[in-house]
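Below is one structure. I have some questions about it.
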Amino acid sequence: MDPSRRIIVALDCDNRPAAQAVVEQLGDECRFYKVGLELLTAVGPQFVEYLVGRGNEVFLDLKLFEIPNSVAGAVRAAGALGVSMVTVHSMGGTGILTAAVEAARDYSDLRVLALTVVTSMTDADLVDIGVAGSTESQVLRLAGLAKRAGCHGVTASPHEVASLREVLGGDALIVAPGVVLPGASVNEHARPGTPYAAVADGASHVVVGRAVTRAPDALTAFRRFRANLSAS
Ligand code: C5P
């Protein structure tokens, strides 16, 4: 796959001019954007329509954790916007994962990704919420649940990508946020990895946010990530 198509830039902005400025700086080089709860809530779905309208793919990171009926409705709304990926929390269980997959069937380009364990969480955080075992075992358990429910893939930290590829097989999407360039500040990511390592381990896509969107020159920063990834 063309390296540019593997990099998803997270537009974590609280206003449209800021998000649009990043898109304009990246021009035609970035194909895929992530729109998360901040931008969607602050700016609205019109921004997703703008991205789809200019030919970009959109990962709508809704992180759905609701009753199945509401999850299905949100997935249909995402499909109607023309997005390519939407996320649902696998900790919500088989009912909501299945509802999401069923709802996506009407939209041939829409893929349902299960969120396993957010990359900021550590083993100690899992203990705090009453989950025994390591983040890795929890990620694998939830990925298995998502696979059985028919999800098209998962999002997961770069450190779990290799074992997830084994569990999920070759066709599944594995989208890895929390990637950083070698030597960069890791922000709040508890389990970071480089784009190169994530793709070499089997990630289909990587997500990068602030390291590109808050860089003095977003296009140069994007190109650095693409160069790192291309080395794989
Ligand atoms: O840190 P960065 O700005 O590159 O984050 C990009 C995306 O990765 C965010 O939109 C967020 O959804 C995801 N992320 C995550 N866990 C973190 C930090 C970010 O899943 N600890």
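Here the structure is a predicted model, which means the values were calculated and not measured. Remember, it's 1-based here, ligands and their atoms both numbered in the order they're listed. Every heavy atom of this structure was used, including side-chain atoms; hydrogens, water molecules and symmetry mates were not.
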Point to revise | Side chains of L164 and L140 in contact at under 4.5 Å (non-hydrogen atoms) | key: yes
Exercise for review: Pull out every atom of ligand 1 sitting under 4.0 Å from any heavy atom of D12, numbered as shown with elements.
Suggested key: 9 (C), 10 (O)
Revision key, fill the gap. Going by the 4.0 angstrom heavy-atom rule, the piece of S120 near ligand 1 is both
Exercise for review: For residues R226 and I7, determine if any side-chain heavy atom of one lies less than 4.5 Å from a side-chain heavy atom of the other.
Suggested key: yes
Check your understanding: Would you say the side chain of L11 lies within less than 4.5 Å of the side chain of L51, judging by non-hydrogen atoms?
Key -> yes
Point to revise | Enumerated ligand 1 atoms positioned under 4.0 Å from heavy atoms of R210 | key: 1 (O), 2 (P), 3 (O), 4 (O)
Exercise for review: Taking only heavy atoms of D61 into account, list the atoms of ligand 1 that are under 4.0 Å away from them.
Suggested key: 12 (O)
**Study point:** ligand 1 contact on T213 by region, counting heavy-atom pairs under 4.0 Å
**Key:** neither
Review point. Should you measure from each heavy atom of P177, which atoms of ligand 1 turn up under 4.0 Å away?
Key: 8 (O), 13 (C), 20 (O)
Practice item. Using distance alone, determine whether G209 and ligand 1 share an N or O pair under 3.5 Å. Key: yes
Practice item. Report yes or no: does a heavy atom of K63 sit under 4.0 Å from some atom of ligand 1? Key: yes
Review point. Are a donor atom and an acceptor atom from the side chains of E160 and T116 found within less than 3.5 Å of each other?
Key: no
Check your understanding: At what distance, to the nearest 0.5 angstrom, does CZ of F225 lie from OG1 of T194?
Key -> 9.5 Å
Practice item. Mark the output for V118 as yes if a heavy-atom distance to ligand 1 is under 4.0 Å, and as no if none is. Key: no
**Study point:** Test item: side-chain donor near acceptor, T135 and D123, under 3.5 Å
**Key:** yes
Study note, to complete from the structure: dist T213:OG1 -> K34:NZ (nearest 0.5 Å) comes out at 11.0 Å
Revision key, fill the gap. For A10, the atoms of ligand 1 under 4.0 Å from one of its heavy atoms are 6 (C), 10 (O)
